[in-house]
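Heads up, the thing below is written out as structure tokens.
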Amino acid sequence: MASDDDKMYISYNNVHQLCQESADKIKQFKPDLIIAIGGGGFIPARMLRSFLKEPGQPNIRIMAIILSLYEEIEHAGGIEKPGTQVIRTQWIDYHQSKIDLVDKNILIIDEVDDTRTTLHYAVSELKKDVELHAKEKGKDPKNTKFGIFVLHDKQKVKKADLPKDIMDNNYFAARTVPDCWIAYPWESTNIVYHQKKAEEQGNDVFLDLEDK
Ligand code: 5GP
């Protein structure tokens, strides 16, 4: 477990402004739907939606999926190696929500891209859904586009890849950071201390609020 001084403390205002700063670039992707990966993607998704709102247009709908990452030891050929398994705790109920991903631009949001395992899982499973639903409708699954927004992308060797078209065109990380533990405000049980640490580390407001 990282000590307090090794952690990067991020304030709510910082998260809000990272969303604000990223919105203009993300607008070029023209998202039709947001899929927030819970729990960390929920608050950034809601904040970003306000900055993506266009006058006269409805708010972009946010759907939630919940994924948990379990580290487990695989015994492959007698050699123990750490493995990663993603558990689907909640997925999209296409029937009840009447959500259709086909022909849409879908923005997936999580708070952090660490080993990339979770994002890889989300993209590949959502792509499978799109392929199935597009086939049923006689449509081309390639007309569904995926984009990704994360607050922080950690600079490290990733355990999984994302499709090249996403990485080249529609991967939005507000900040690229060294591989350290990031403490987000919604996890804090002492928000006064958390806020103080974020301010000390320069991870509080950074945009001039008079600007907009
Ligand atoms: P992955 O390794 O699949 O990219 O990340 C899996 C999940 O681990 C993330 O969605 C996030 O919930 C959690 N995680 C990874 N690194 C950090 C971190 O530095 N801080 C926090 N708070 N969560 C993290």
Side-chain angles (χ1 to χ4, degrees), residues 1-19 22 26 34-48 62-74 81-92 106-128 146-164 166-167 170-204:
M1 192 71 189
S3 82
D4 279 6
D5 290 333
D6 298 334
K7 292 185 201 164
M8 186 190 277
Y9 285 81
I10 303 294
S11 73
Y12 278 115
N13 280 343
N14 188 274
V15 174
H16 214 109
Q17 293 198 331
L18 290 175
C19 292
S22 306
I26 295 171
I34 289 171
I35 297 182
I37 304 180
F42 291 167
I43 292 173
R46 179 59 190 87
M47 286 174 173
L48 180 73
I62 301 175
M63 298 300 292
I65 58 174
I66 301 179
L67 301 174
S68 316
L69 194 59
Y70 285 90
E71 295 279 343
E72 57 172 30
I73 301 295
E74 286 173 9
K81 61 177 180 106
T84 41
Q85 200 195 346
V86 179
I87 306 289
R88 263 189 204 206
T89 308
Q90 182 180 301
W91 200 250
I92 299 171
I106 296 150
L107 183 68
I108 300 169
I109 301 186
D110 207 352
E111 86 279 45
V112 55
D113 178 349
D114 181 27
T115 63
R116 204 162 271 172
T117 310
T118 306
L119 287 167
H120 168 88
Y121 179 91
V123 171
S124 43
E125 294 297 298
L126 289 166
K127 278 195 164 191
K128 280 186 208 161
F146 287 96
I148 288 174
F149 171 58
V150 289
L151 299 171
H152 299 102
D153 174 27
K154 291 193 201 173
Q155 270 175 319
K156 64 194 289 180
V157 177
K158 305 289 186 182
K159 289 188 185 164
D161 291 328
L162 289 167
K164 192 176 175 328
I166 295 182
M167 288 314 292
N170 301 317
Y171 179 86
F172 309 98
R175 291 285 181 279
T176 303
V177 294
D179 186 12
C180 67
W181 188 258
I182 305 166
Y184 291 100
W186 47 83
E187 299 159 349
S188 174
T189 51
N190 184 343
I191 197 64
V192 175
Y193 174 78
H194 184 103
Q195 176 65 24
K196 190 168 133 270
K197 294 294 285 182
E199 284 173 23
E200 275 170 21
Q201 292 182 352
N203 296 325
D204 193 35

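We count ligands from 1, going down the list as the structure has it; atoms in each ligand are counted the same way. Values below: all heavy atoms of this structure, side chains included; hydrogens, waters and symmetry mates excluded. In this chain, residues are counted from 1 in sequence order.
The part of D110 lying near ligand 1 is the side chain, judged by heavy-atom distances below 4.0 Å. Proximity of I182 to ligand 1, defined as any heavy-atom pair under 4.0 Å, is shared by backbone and side chain alike.
Side-chain N/O atoms of N13 and Q195 include no donor and acceptor closer than 3.5 Å.
Within the structure, the closest approach of A183 to ligand 1 does not fall below 4.0 Å when heavy atoms are considered. Ligand 1 has no atom lying under 4.0 Å from any heavy atom of K159.
Partner of L162 under the side-chain contact (heavy atoms from CB on, under 4.5 Å) criterion, out of N170, I108, L119: L119 alone. Each of I10, L151, D114 was checked for a side-chain contact (heavy atoms from CB on, under 4.5 Å) with I182, and the lone residue meeting it is I10.
In terms of protein heavy-atom proximity, atom 22 (N) of ligand 1 is nearest to E187 OE2, 2.6 Å. Remark: minimum distance from atom 11 (C) of ligand 1 to any protein heavy atom is reached at E111 OE2, 3.4 Å. For atom 2 (O) of ligand 1, the nearest protein heavy atom (residue, atom name, distance) is T115 OG1, 2.4 Å. For atom 17 (C) of ligand 1, the nearest protein heavy atom (residue, atom name, distance) is W181 CZ3, 3.4 Å.
The shortest N or O to N or O distance between R116 and ligand 1 is under 3.5 Å. Between D113 and ligand 1, no pair of N/O atoms sits closer than 3.5 Å.
Within a 4.0 Å radius of atom 8 (O) of ligand 1, the protein has no heavy atom.
With respect to the salt-bridge test (charged N to carboxylate O, under 4.0 angstrom), the residues E125 and K128 qualify.
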